[in-house]
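Before any comments, here is the structure.
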There are 2 protein chains.
Amino acid sequence: MSTVSALAYKVIRSLILEGRFIPGERLKEEELTDLCGVSRTPVREALRRLALEGLVVLTPHQGAQVAEIGEIELQEIYALRAMIESHAAGRAAKRIALSAIARLKVLAGQMEDAVAQAVRRRQTKLYERYTTANSEFHRIIMEAADSPRLSAMATLVVEVPLILRTLARYSESELSRSLHHHRELIEAFEARDEDWASSVMRCHIRAAAQAVVRPEGEAEPAGNDQGQPLGQVG
Amino acid sequence: MSTVSALAYKVIRSLILEGRFIPGERLKEEELTDLCGVSRTPVREALRRLALEGLVVLTPHQGAQVAEIGEIELQEIYALRAMIESHAAGRAAKRIALSAIARLKVLAGQMEDAVAQAVRRRQTKLYERYTTANSEFHRIIMEAADSPRLSAMATLVVEVPLILRTLARYSESELSRSLHHHRELIEAFEARDEDWASSVMRCHIRAAAQAVVRPEGEAEPAGNDQGQPLGQVG
DNA sequence: GCCCTCGGATTTGTATACAAGAATATCACG
DNA sequence: CGTGATATTCTTGTATACAAATCCGAGGGC
């Protein structure tokens, strides 16, 4: 879209996802007007859309505020995400192009490299490379599912947790498992086995949920590996 | 909401669902302005919301038109509905109140009566009583699932097919099966068996999909029963 | 006769002005 | 000094005016 409304939407959405506005914070239209450089009308449209997507809640005559998400709500969201993405993986298994599978392999490799480096150097700066590749990985699968409505639902549950800015703390073993999930998923795609693909994706998301929901300081079951903080997970 | 935007939303939505606007028909803002008795601003907000819900599609600088739904798209929608409602049924099994179960029994009975009457009198006017009870049946389950996001997704896939105004043609045996599904669902709830409930609901929706997707004149497998036309099914 | 181009009309997108409701501060009273 | 009613101020909701883009038809060229 080349409309100003779309711009306002992107700007406000970015501000929220980047943490410039914290959950519960009130969003005054005039304030956003300044930040976006547009008038109130497109700002209002953007807010309405963000509300439909669950990033903000808006109450009549009281304006908008960034959505707040509780622990149990987060659980619920991850359950929905497991449902949606596993469904997508199933559809993708029957539809995904070979070129897309090739791309998935590249991305899986990149994530493996990123983890290997981080582990070797004992650094926790895994974020960027991993999450970028991971996001594209999931996006490709969702696109291969070729269902606009499913995609719409996915954004509903993928983006909302991001406003929490909770870095999932993956243990080394959990990271390893995640990487194996990626490879297994690719195998399932190559086998065109939708049930297999769907099942792997479900595991993948449920496992991610564990790493996210687990509170900051809570220790992993055993081992001396410190958690690897990651942005978008799964 | 007591705002005028909400009014415009309801009015336009009703007009579409009642078939006053046919799929593909263009919706001019000024025209809707007259029909709703409000100015363009709330009309535009309503259209944006309806677009997010999938009832209308809007292209920049070209306005809105009622969504068109193809055969394969309808299949896709029913697949999503099966996913969502079965998930809801599973959650509901663990949460639904006994009073709600009691209400489900009443509704199941009403639907059975409606079908019995229609069959006895050989009349096809089953619509009202059945669909009303059926809608409430499904709504109760969705509410029992207690997940606002899931509910939002449900409206996304439940309402859109309605703009087609395709009456599902249920054969007598299919109707009977549907009624049995209702009873089985209730049993699953009483047993608090989420997997059972989820599975039954999935069957229920998939069966409904068959009755809807099947073209107008296509005959049922066997038997001399003429199709029972129903509005909202499943 | 057909197609392309240009101009008017129509329609959507955006800004702004005005109205209505909610939050807050002030002042009077207990 | 605390409490409550009231008034002010601020914010949102709605209407309208203006700008920009698209659509449609007339006219001319090929």
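Numbers restart at 1 for each chain; the letters A, B, ... are given by sequence-line order, proteins then strands. Everything quoted here is computed from the prediction, not taken from an experiment.
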Residue pairs, two or more places apart or on separate chains, that pass salt bridge (Lys or Arg N to Asp or Glu O under 4.0 Å) and touch residues 50-61 of chain B: B/Arg49-B/Glu53
Within the 4.0 Å heavy-atom criterion, would you say B/Leu47 contacts the bases, only the backbone, or no part of the nucleic acid? nothing
For A/Ala197 versus A/Leu185, what's the shortest heavy-atom pair and its separation? O-CD1, 3.4 Å
State whether A/Glu190 and A/Lys105 are salt-bridged, where the test is any N-O pair (Lys NZ or Arg NE/NH1/NH2 against Asp/Glu carboxylate O) under 4.0 Å. yes
Aromatic rings B/His204 and B/His182: how do their planes relate, parallel, tilted or perpendicular, breaks at 30° and 60°? perpendicular
Between P of C/dG13 and CD of B/Glu29, the distance in whole Å: 6 Å
Distance check needed: C/dG13 P versus A/Arg44 CZ, whole Å only. 16 Å
Without decimals, in angstroms, what is the distance between B/Glu45 CD and C/dG13 C1'? 14 Å
Is the number of heavy atoms from other residues, nucleotides or ligands within 6.0 Å of CZ (B/Arg192) greater than 12? yes
Go through DNA chain D in 5' to 3' direction and return only the first and the last nucleotide with some atom under 4.0 Å of chain A's heavy atoms. D/dT11 to D/dT14
First of A/His61 and A/Pro42 reached from the 5' end of DNA chain C, by closest nucleotide: A/Pro42
Length of the line joining B/Arg26:CZ and C/dT11:P, which is rounded to integer Å: 7 Å
Mind checking B/Leu7 for me? I need base, sugar-phosphate or nothing, with any heavy atom below 4.0 Å counting as a touch. nothing
Quick check: are there more than 12 heavy atoms from other residues, nucleotides or ligands sitting under 6.0 Å from CD of B/Glu31? yes
Can you tell me if A/Gln62 touches the phosphate of C/dA23, counting only side-chain N or O atoms and a distance under 4.0 Å to OP1 or OP2? yes
